[in-house]
Amino acid sequence: MSEENNIPKVYDPVAVEKKWYEYWEKNGCFHVEADPSKKPFCIVMPPPNITGKLHMGHALDNTLQDILIRWHRMMGDNTLWMPGYDHAGLATQIKVEEEIKKNEGLTRYDLGREEFLKRVWQWKEQYGERIFTQLKSLGVSCDWDRKRFTLDEGCSKAVREVFVSLYEKGLIYKGTRIINWCVHCNTALSDVEVEHKDDTGHLWYIKYPLAGEKDQYLTIATTRPETIPGDTAVAVNPKDERYGKLVGKKILLPGTDREIPIIADDYVDLQFGTGAVKITPAHDPNDYEMGIRHHLENINVIGLDGKMTKESGKYVGQDRYECRKNIIADLDAAGLLVKIEDCPHAVGHCQRCGNVVEPLISTQWFVKMGPLVKAAVDCVENGQTQFVPPRFTKTYTNWMANIHDWCISRQIWWGHRIPVWYCDDCGAVVASRTDIDKCPKCGGHVHQDEDALDTWFSSALWPFSTLGWPENTDLLKQFYPTSVLVTGYDIIFFWVARMLVMGEEFMKKVPFEKVFIHGLVRDEQGRKMSKSLGNGIDPLEVVNKYGADTLRFMLITGNTPGNDMRFYWSRIESTRNFANKIWNASRFALMNLDGYDAKAKRAPYTLADKWILSRLQHTTKDVTDLLGRFELGEAGRVIYEFIWGEICDWYIELIKPRLYNKDNAEERATAQYVLCEVLGSAMKLLHPYMPFITEEIWQHLPHEGKSIMLAQWPEYKESLVNADVEAGMTAIMETIKAIRNMRAEVNAAPGHKAPAILLVSDALKNVMEENKGYIQLLGTVDNLTIDKLSAAKPKNAMTAVVSGVEVYLPLKGLIDVEKETARLQKEIDDMHKEIKRSEGKLNNKGFLAKAPAEVVAKEQAKEDEYKKKLVALQERQAYLQTL
RNA sequence: GGAACUAUAGCUCAGAUGGUUAGAGUACCACGUUGACAUCGUGGGGGUCACUGGUUCGAGUCCAGUUAGUUCCACCA
């Protein structure tokens, strides 16, 4: 940009963005060391999966973080953004398995554990960094030198420590109980990994014969007939008069020769179905609980592969749904099928593969949540950790109040292997070391538990494991608790809750002070972006076409915290236009900085200078306050409005004469100085949102330091706030707009200058006189006459009335009396309406008595203003009639 | 069955703690290429703030209810 004549008119983000990211990295702008003398600010990045491909959710999430980080860095805080990625056990394993299957036709069992894991590590080395490359193109300013991985040595050590510690406290246990099993992924799942979706199921009514009674039946209703062979009771409600006599009797279970009891239990709903329900403790969580209450037998009829077991008798080997059909057919043939009703009901699906989850009894490892939740809930309720927006607090506490034990073992290989070794002779051993090779008690042979931990187990430790725990590192001391966690509302349960639990248990402190929750990015129709719908928009496509700055600004503005937003290309374009506008404003500045010397003698500030400096102070204050309240969208809007609506639309226009006039060096220097000052500050305010273009411009403006990202955040200077100046400028701008408006009404040739007469209040007289040049310049006025309001009204002129100013435009021969009358009439009507409203208030005794004095005074001033305006308009209209 | 969110201009959305003639972007209409920018400029039209009550001197903003839509949680087979 040094060669002014060659600056392109259109901003080209692609080259610029690449250049600056490399520059920042090379200059170590992202790196930080713990500095206890400074205020810490730390965010740990929600680790993307190594299988991840950047999507809009990442783009939003990381832009929000980057804005907070860049802002705090400029504020001078000791600012750390800790990046990392997640091994994503099940997701990655499935992905690599698929690849091996495709390329070699082998399964992981064919390869064996060791070889398979080698392959996954290879895959990770090859593709794992892809997501980071993509994140970099967004401009994220995290400290890449500190990048962590959930399976790296430190994080793995933390996992083992936590596991062993919880085990020793009795908070991790191994148990045999009903769990969620994915027959496709072939592993146990936790409750949160099961997604309940409404299925259009059926309710089958089936006659169960009473044992030892001829032709007597109890009709039950079930949505899962295939579990009939696993029934070990039929239950009715003890209050149910229909069935009271039957309790204690026996049923001959159809298709078997087993007799099962009829039991009474409060759980049974009298209204649903027939009021009698078959109980299959091995395949339904409720039935399981009831089984415990009534000491029922558990019979597993569906195996881990989703096929019927030999316990199911003749159905053995059949797929569970095939079996369902066959059982219905058999019951129908036996005359036991009474009827079939439609019955929409929720069915659990595997979050990962979408298959229907089978509840079944299995031996797994669990975290006992009961003793852990209290601290994690208390710290939120007493405000040590605050959700932003606060409504998510309730989501969190409600969920925590109903939490079940967390099943943490997975029948997968990719992940943290459970640090438990079993002695062949003397029972279990648990150790936080990895090198157990013989039983420490008896020296006998040991073997390690085959299972791996839930991926979220290591994620739960992320805020402290990444900072070095279990070592008490400088980083941990300085940055824990972290400042903000930024994440979507969809993973509060998976992640946020568990981090709070683990943070409280192991650090005895919250993991983060704020949880900043955002919504989802949806498509133009408001649908979730998803692979299956094919409606996802690739952030990189946007970056390559429009630049990361544009994508970032678009994602952040135009919505409020916690709410979903829609992705619109038209919004991308309008943001791109904003970038271009900034570009051109800066181009203008640079084209007019020739000969600029910051130390040269300058003329005093003009009204426009004082005005824009005053506006800058308000903007600085508002933006800073809004950022502090996490109102990032609103802050962005304020900056946008300042740059486009005030710097570009007004200030630049007003200083053009001074910049063009090289004869008056001092005046020119002042304009140059203020322009640089204001533009530079605006770039700083905008930098967290649009890091690249602001850097590019800042580097070309006179500056100190090596990067805008290390520059000091603009300071609010109250001494530069000037209400009188703003009032004067406002009157001038209103006057200019009124003149433009009237000229447009009569289609005056845009370039054609015309005279104007202003009658102004005493308060404004001086400022208008002194700055009549502004009005002439932007109002296209040649002869400007300024007089007092009491002066004689000019005849044969168009009129407008603004605050304290009557504007007369003698547009000879251009006035269309009829049109002008109508225009005035509309304004007169508006004024009548406003005066009525105002009078209503001012005549209200309650208002006068109870409203604050300043509100009353303000209303009174408004009414006076309206009335003056009305009189002027009416006079003018009366005059028109005489023409 | 609980709970949350949303309802403001044709469209997408802002409008903290109640007092603005209810705003922006986009779309639309008119005029315009004057030496930053047509990815632009100037001007304009367009909203009884979902509905009904209530609190208040005053409600888009607070409360209750209604309607519509979205989402989350939940062991009614």
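Proteins get letters first, then strands, A, B, ... in listed order; numbering begins at 1 in each.
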Which base, if any, makes a Watson-Crick or G-U wobble pair with B/A59, both distances under 3.5 Å?
none

Does B/A4 have its OP1 or OP2 closer than 4.0 Å to a side-chain nitrogen or oxygen of A/K394?
yes

Contact class for A/C343 (heavy atom, under 4.0 Å): base, sugar-phosphate, or nothing?
nothing

Examine the base of B/U39 for any acceptor or donor lying under 3.5 Å from a partner atom in the side chain of A/R576, and report the outcome as yes or no.
yes

Would you classify A/W204 as touching base, sugar-phosphate or nothing, given that sugar-phosphate means primed atoms plus P, OP1 and OP2, and contacts are heavy atoms under 4.0 Å?
nothing

Touch class at under 4.0 angstrom, heavy-atom based, for A/P359 against every strand present:
nothing

For a quick check of understanding: with a heavy-atom distance under 4.0 Å over all strands, which category does A/F392 fall into, base, sugar-phosphate or nothing?
nothing

Does A/E653 reach a base, just sugar-phosphate, or nothing at all? Heavy atoms under 4.0 Å.
base

Under 4.0 angstrom between A/N577 side-chain N/O and B/C40 OP1 or OP2
yes

Can you confirm whether A/K868 is buried at NZ, in the sense that more than 12 heavy atoms of other residues, nucleotides or ligands lie under 6.0 Å from that atom?
no

Please tabulate, one pair per line, each protein N/O and nucleotide N/O from nucleotides 60-64 of chain B that are separated by under 3.5 Å, including the distance.
none

Which part of the nucleic acid does A/Y267 contact within heavy-atom distance under 4.0 Å: base, sugar-phosphate only, or nothing?
base

The Watson-Crick or G-U wobble partner of B/A27, with both key distances under 3.5 Å, is none

Suppose we call a contact any N or O donor and acceptor under 3.5 Å apart; does that hold for the side chain of A/K9 and the base of B/C37?
no

What distance, rounded to whole Å, do you find between the two C1' atoms, one in B/G19 and one in B/G15?
15 Å

On the nucleotide B/A27, are OP1 or OP2 found under 4.0 Å from the side-chain N or O atoms that A/Y568 carries?
no

Is there a Watson-Crick or G-U wobble partner for B/U34 with both distances under 3.5 Å, and which nucleotide is it?
none

For the residue pair A/Y660 and A/F588, categorise the inter-ring angle as parallel (less than 30°), tilted (30 to 60°) or perpendicular (more than 60°).
perpendicular

With a 4.0 Å limit, can you tell me whether A/T560 has a side-chain N or O closer than that to the phosphate oxygens OP1/OP2 of B/A14?
yes

Could you tell me how far B/G58 sits from B/A22 if I compare only their C1' atoms? Round to whole Å.
16 Å

Solution key, residues 218-233 of chain A side-chain donor-acceptor pairs under 3.5 Å, sequence neighbours excluded:
from, atom 1, to, atom 2, distance (Å)
A/T222, OG1, A/R224, N, 2.9
A/R224, NE, A/E226, OE2, 3.1
A/R224, NH1, A/E358, OE2, 3.0
A/R224, NH2, A/E226, OE2, 3.1
A/R224, NH2, A/E358, OE1, 3.0
A/R224, NH2, A/E358, OE2, 3.1
A/E226, OE1, A/R324, NE, 2.8
A/E226, OE2, A/R324, NH2, 3.0
A/T227, OG1, A/R224, O, 2.8
A/T227, OG1, A/K278, NZ, 2.6
A/D231, OD1, A/K278, NZ, 2.7
A/D231, OD1, A/T280, OG1, 2.7
A/D231, OD2, A/Y208, OH, 2.6
A/T232, OG1, A/E297, O, 3.0

Dump every N/O contact between nucleotides 22-25 of chain B and the protein below 3.5 Å, one line per pair.
from, atom 1, to, atom 2, distance (Å)
B/G25, O2', A/S574, OG, 3.1

For B/A22, which nucleotide is its Watson-Crick or G-U wobble mate, given both distances must be under 3.5 Å?
none

Look at the side-chain N and O atoms of A/K841 and state whether any lies under 4.0 Å from the OP1 or OP2 oxygen of B/U20.
yes

If the C1' atom of B/C49 is compared with that of B/U21, how far apart are they to the nearest Å?
15 Å

May I ask you to decide if the ring planes of A/F387 and A/Y396 are parallel, tilted or perpendicular, using 30° and 60° as cut-offs?
tilted

Tell me which nucleotide, if any, is Watson-Crick or G-U wobble paired with B/G45 when both distances must be under 3.5 Å.
none

I'd like to know if A/R391 reaches the base of B/A4 with its side chain such that a donor and an acceptor end up less than 3.5 angstrom apart.
no

Can you find a side chain N or O atom of A/R837 that sits less than 4.0 Å from OP1 or OP2 on B/U21?
yes

Would you tell me if any nitrogen or oxygen in the side chain of A/Y866 comes within less than 4.0 Å of OP1 or OP2 on B/U21?
yes

Respond yes when some side-chain nitrogen or oxygen of A/W399 is under 4.0 Å from OP1 or OP2 of B/G2, and no when none is.
no

Under-4.0 Å side-chain N/O to phosphate OP1/OP2 contact, A/N580 with B/C40:
no

Can you tell me if A/R224 touches the phosphate of B/A77, counting only side-chain N or O atoms and a distance under 4.0 Å to OP1 or OP2?
no

When the C1' atoms of B/C40 and B/G35 are compared, how many Å lie between them, rounded to an integer?
15 Å

Taking the ring of A/F567 and the ring of A/W569, is the distance between their centroids below 6.0 Å?
yes

Report the nucleotide, chosen from B/G43, B/U71, B/U12, that has the shortest atom-to-atom distance to any side-chain atom of A/R740.
B/G43

Look at the side-chain N and O atoms of A/K581 and state whether any lies under 4.0 Å from the OP1 or OP2 oxygen of B/G41.
yes

Suppose we define a pair by two distances each less than 3.5 Å, Watson-Crick or G-U wobble; what does B/C72 pair with here?
B/G2

Does A/K737 put a side-chain nitrogen or oxygen below 4.0 Å from OP1 or OP2 of B/G43?
no

